**Student:** 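Below is one structure. I have some questions about it.
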Amino acid sequence: MTPTAGLRLSQLISKTLRQAPADTETISHQLLLRAGMIFPGAAGVYSYLPLGWRAFKKVENIIREEMDRAGGQEALFPGLQPLELWQETGRNTAFGPTMFSIEDRKDRRLVLGPTHEEVVAQLARSYVRSYRDLPVLVYQIQNKFRDELRPRGGLLRGREFSMKDLYSLDADEAGLDHSYQLMIDAYRRIYERCHLPAVIVEADSGAIGGKESHEFTSLTPTGEDEIIHCPSCTYAANLEKAQGQKGEAPTDALLPLDEIATPSIKTIEALAQFVGVPTSRTLKAVFYSVDGKVVFTVIRGDLDINEVKLKNLLKCNELRMATEEEVAGAGLVAGSASPLGLKGIPTMGDDSIALGANLVAGANRDGYHVKNVNYPRDFQVDTIGDIASAAAGQGCPRCSAPLQAGRGIEVGHIFKLGTFISQKIGAAFLDQEGASRPVIMGSYGIGVGRLLAAIVELHHDDKGITWPLSIAPYQAYLCPLYGDGSQVGEVTEELYQEMLKVGIEVLFDDREDSPGVKFNDADLLGIPLRLVISQRSLGKGNAEVKWRTEKQPQLLPIEGLAQQVKALLWGS
RNA sequence: CGGGGUGUGGCGCAGUGGCAGCGCGCAUGGUUUGGGACCAUGAGGCCGGCGGUUCAAAUCCGCCCACCCCGACCA
């Protein structure tokens, strides 16, 4: 006998909301709230109510099955971790205030785990002795805590959220590459089973650290991530990481410097227009406060600084735009700042400053600019590299076709960590030659709730959620329309038991409400298959069966309906 | 943290100094039952909090808090 997987709607703790709470914006946030699937606790913190929890568990189980299939071993690591563990790798400073930190009764500092690389490295330190112990894939599905700067979009970014995090331990780079590929394949299957199209993009590794990293992104116009992708080859990257061809090599003969008056010109656009050149013939200066010091950056005028790239190049913890006071305090003139004759301030240049000749730059004197500035003839920078944001229209770094920009939701992120954590934690093993070597790690995360929200973002219509069958909290919505003195009640009760018996997950709308109320709730809740039992069709021995995403119902005989419905569901 | 917004019954909202209201929902009774029915009668609010101004504050002033949205961060 299959365990009962039915629920009488009249007994459900949550109620549907006719209107979405006014202060919500994101569609998945609104629908999950309206459907009574989640309930807000604090900013970025939610309860999962019974229907939402069932959908959550379906996603979770798909992830679990695919991790197991890939050879992952499920475990559960502590959410509470001693701060000392984080001090061993120094990542407490990289995470900074994002980590929730508490004190126990003995004033010992603990953090609420934002991720678990340290814990796993500790495990490796204890258990991994020999190359024979490798490779290992170990994972957990557990709530993470991150005091995000700004939680948003309901389940899309919370401060407490469930994440599947798998860690690979390998003996060498080839092993890591293999583990990495296993995970890519597993992730692809997960998204497929969730009916969530996702593309893999190159990404920055951020606070997690490491050398190589990819994100899985579900492309949707409402997404929070900007993606740069090439329409003609497979290149795709997160904006933080994306590269675009900057074009325009210097061909002109270098002309002598020429200072010109540029009264009240403050922006690059105004300057270019005033001088009569494209913005790509100008130099733009931007100032940052980097760990408390002012840093001068210079980039070609048509490009924008990418702060993530800059931060990576500088290897700093805190980076923000410098304030006016800081700029003035460093002796710079905002609006006419110049790399020319600059001294005493660290300078960073985008490599685009070498592309193009005879550029217009500031004179570091209010109201003046200088023409025919050329790098490196007229100025130098301390560091030069790619610190520009790629943009649509630039050439693809692989095939030169014009790049396109799009938006997406990050639904997974994988990292080749290498050895920087294992080295610091002291997780080492003996190789075949008997030499001690640090374990090579990878880490692979999927936010379960975010995945659920992303599914709603992609699967809804104006009436509500349209869950894929694999995710829906229940497979069928049993909807009797109680007329007076009819058989509908009895027949439906019987059918309900029958459906449970054959193993269908059924939500039984046993409420005495009017048809409109019930139909609208059925649509809002997004249950894939709806069964209407009413006097109308019952008279001819039929019931109406309708897919959520289809307009027209089909009539099926009430006799043996449970089996028929099962066939429909299993066959789809 | 910077910028913007909102806090009045479960949800959506009105209420510019003088009795705290409306719609939906909820309860009871009745009539209804194929896309959010109708009538009647009810219940339900420390107007986010603290302080101030005033004879009188949801309303004016100050401080604080919470939540939402934009940015930096992230699964």
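Letters A, B, ... are given to chains in the order of the sequence lines, protein chains preceding strands, and every chain is numbered from 1. In this text the structure is predicted, and so the values were computed from the model without any measurement.
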**Student:** Take atom P in B/C74 and the same atom in B/G17, then report the distance between them in whole Å.
**Tutor:**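 After rounding to an integer number of Å, I get 50 Å for this pair.
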**Student:** Looking at A/Leu76, I want to see if its CG is surrounded by more than 12 non-hydrogen atoms of other residues, nucleotides or ligands under 6.0 Å.
**Tutor:**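 Yes, CG of A/Leu76 has more than 12 neighbouring heavy atoms, counting only those of other groups under 6.0 Å.
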**Student:** Pairing donors with acceptors under 3.5 angstrom, does anything connect the side chains of A/Asp510 and A/Ser10?
**Tutor:** yes
**Student:** Sorted by first residue and then second, give each ring-ring contact (aromatic ring centres under 6.0 Å, His included) pair with at least one member in residues 16-41 of chain A; sequence neighbours left out.
**Tutor:**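 Every ring-ring contact (aromatic ring centres under 6.0 Å, His included) pair that includes a residue of residues 16-41 of chain A, provided the two are not neighbours, is A/His29-A/Tyr46.
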**Student:** Just list the side-chain donor-acceptor pairs under 3.5 Å for residues 92-100 of chain A, sequence neighbours left out, or say none.
**Tutor:**
unit_1: A/Thr93; atom_1: OG1; unit_2: A/Gly90; atom_2: O; d: 2.8
unit_1: A/Thr98; atom_1: OG1; unit_2: A/Phe95; atom_2: O; d: 3.2

**Student:** When only distance counts, do a donor and an acceptor, one from the side chain of A/Asp204 and one from the base of B/C73, lie under 3.5 Å apart?
**Tutor:** no
**Student:** Of A/Gly447 and A/Ala43, whose nearest nucleotide on RNA chain B comes first from the 5' end?
**Tutor:**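 Its nearest nucleotide being more 5', the pick is A/Ala43.
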**Student:** With a 4.0 Å cut-off, would you call A/Glu215 and A/Lys241 a salt bridge?
**Tutor:**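 Judged by the 4.0 Å cut-off on N to carboxylate O distance, A/Glu215 and A/Lys241 do not form a salt bridge.
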**Student:** To the nearest angstrom, how far is A/Lys15 atom NZ from B/C24 atom P?
**Tutor:**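 Roughly 19 Å, once rounded to whole Å.
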**Student:** What is the pairing partner of B/U16, taking Watson-Crick or G-U wobble pairs with both distances under 3.5 Å in any strand?
**Tutor:** none
**Student:** Distance alone, cut at 3.5 Å: any donor-acceptor contact between the side chains of A/Asp523 and A/Tyr477?
**Tutor:** no
**Student:** Between atom CD1 in A/Ile409 and atom P in B/C74, what is the gap in whole Å?
**Tutor:**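 Between P of B/C74 and CD1 of A/Ile409: 18 Å.
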**Student:** Between the protein and nucleotides 69-72 of chain B, list the N/O to N/O atom pairs that are separated by less than 3.5 angstrom.
**Tutor:**
unit_1: B/C69; atom_1: OP1; unit_2: A/Gly153; atom_2: N; d: 3.4
unit_1: B/C70; atom_1: OP2; unit_2: A/Arg150; atom_2: NH1; d: 3.0
unit_1: B/C70; atom_1: OP2; unit_2: A/Arg150; atom_2: NH2; d: 2.6

**Student:** Taking CZ from A/Phe145 and P from B/A75, how many angstroms apart are they, rounded to a whole number?
**Tutor:**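 The answer, rounded to whole Å, is 16 Å.
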**Student:** Which one is paired to B/A27, where only Watson-Crick or G-U wobble pairs with both distances under 3.5 angstrom count?
**Tutor:** B/U41
**Student:** How does protein reach along nucleotides 35-41 of chain B, written 5' to 3' as B (base within reach of a heavy atom under 4.0 Å), S (only sugar-phosphate), or - (no contact)?
**Tutor:** BBS----
**Student:** With under 30° as parallel and over 60° as perpendicular, where do the rings of A/Tyr191 and A/Tyr187 fit, or are they tilted in between?
**Tutor:** perpendicular
**Student:** Listing request: all salt bridge (Lys or Arg N to Asp or Glu O under 4.0 Å) pairs with a residue in residues 13-25 of chain A, at least two apart in sequence or in separate chains.
**Tutor:** none
**Student:** Using Watson-Crick or G-U wobble geometry with both distances below 3.5 Å, tell me the partner of B/A75, or none.
**Tutor:** none
**Student:** Any Lys/Arg nitrogen of A/Arg69 or A/Glu66 sitting under 4.0 Å from an Asp/Glu carboxylate oxygen of the other?
**Tutor:** yes
**Student:** Between B/C67, B/A75, B/C13, which nucleotide has the shortest distance from any of its atoms to the side chain of A/Ala22?
**Tutor:** B/C13
**Student:** Residues two or more places apart in sequence or in another chain: which of them pass side chain to side chain donor-acceptor pair (under 3.5 Å) with A/Asn312?
**Tutor:**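 In terms of side chain to side chain donor-acceptor pair (under 3.5 Å), with neighbours along the sequence ignored, A/Asn312 is linked to A/Asp204.
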**Student:** If I take atom CG in residue A/Asp509 and atom P in nucleotide B/U33, what distance separates them, rounded to the nearest angstrom?
**Tutor:**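 One finds 18 Å between P of B/U33 and CG of A/Asp509, rounded.
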**Student:** Which base sits across from B/U6 as a Watson-Crick or G-U pair, both distances under 3.5 Å?
**Tutor:** B/A66
**Student:** Quantified in whole Å, what is the P atom distance between nucleotide B/A43 and nucleotide B/A58?
**Tutor:**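 Taking atom P in both B/A43 and B/A58, they lie 23 Å apart.
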**Student:** CD of A/Gln19 versus C1' of B/C13: gap in Å, rounded?
**Tutor:** 9 Å
**Student:** In whole Å, measure the gap between the C1' atoms of B/G3 and B/C38 for me.
**Tutor:**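 It works out to 50 Å between them.
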**Student:** Do the charged groups of A/Asp350 and A/Lys309 touch, with an N to O distance under 4.0 Å?
**Tutor:** no
**Student:** Does B/C46 have a Watson-Crick or wobble partner in any strand here, with both distances under 3.5 angstrom, and which is it?
**Tutor:** none
**Student:** Rounded off to whole Å, could you give me the CD-to-P distance for the A/Glu224 and B/A75 pair?
**Tutor:**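 Going from A/Glu224 (CD) to B/A75 (P), I get 11 Å.
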**Student:** Measure CG/A/Leu452 against P/B/A75 and give the value in whole Å, please.
**Tutor:**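 About 19 Å, once rounded to whole Å.
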**Student:** Roughly how far apart, to the nearest Å, are B/G15 and B/G4 at atom C1'?
**Tutor:** 25 Å
**Student:** If the P atom of B/A56 is compared with that of B/A14, how far apart are they to the nearest Å?
**Tutor:**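 Looking at atom P only, B/A56 and B/A14 are 29 Å apart.
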**Student:** In whole Å, measure the gap between the P atoms of B/U59 and B/C46 for me.
**Tutor:** 16 Å
**Student:** Could you check whether A/Gly449 gets within reach of a base, just the sugar-phosphate, or nothing at all, counting any heavy atom under 4.0 Å?
**Tutor:** nothing
**Student:** Could you tell me whether A/Asn238 contacts a base, only the sugar-phosphate backbone, or nothing, with contacts defined as non-hydrogen atoms closer than 4.0 Å?
**Tutor:** nothing
**Student:** Say we look at B/A40 and B/C24: how far apart would their P atoms be, to the nearest angstrom?
**Tutor:** 12 Å
**Student:** B/G48 and B/A66: how far apart are their C1' atoms, nearest whole angstrom?
**Tutor:** 7 Å
**Student:** Could you please name the partner base of B/U59, counting Watson-Crick and G-U wobble pairs only when both distances are under 3.5 Å?
**Tutor:** none
**Student:** Atom CD of A/Gln535 and atom P of B/U32: how far apart are they, to the nearest Å?
**Tutor:**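 So the two atoms are 16 Å apart, to the nearest Å.
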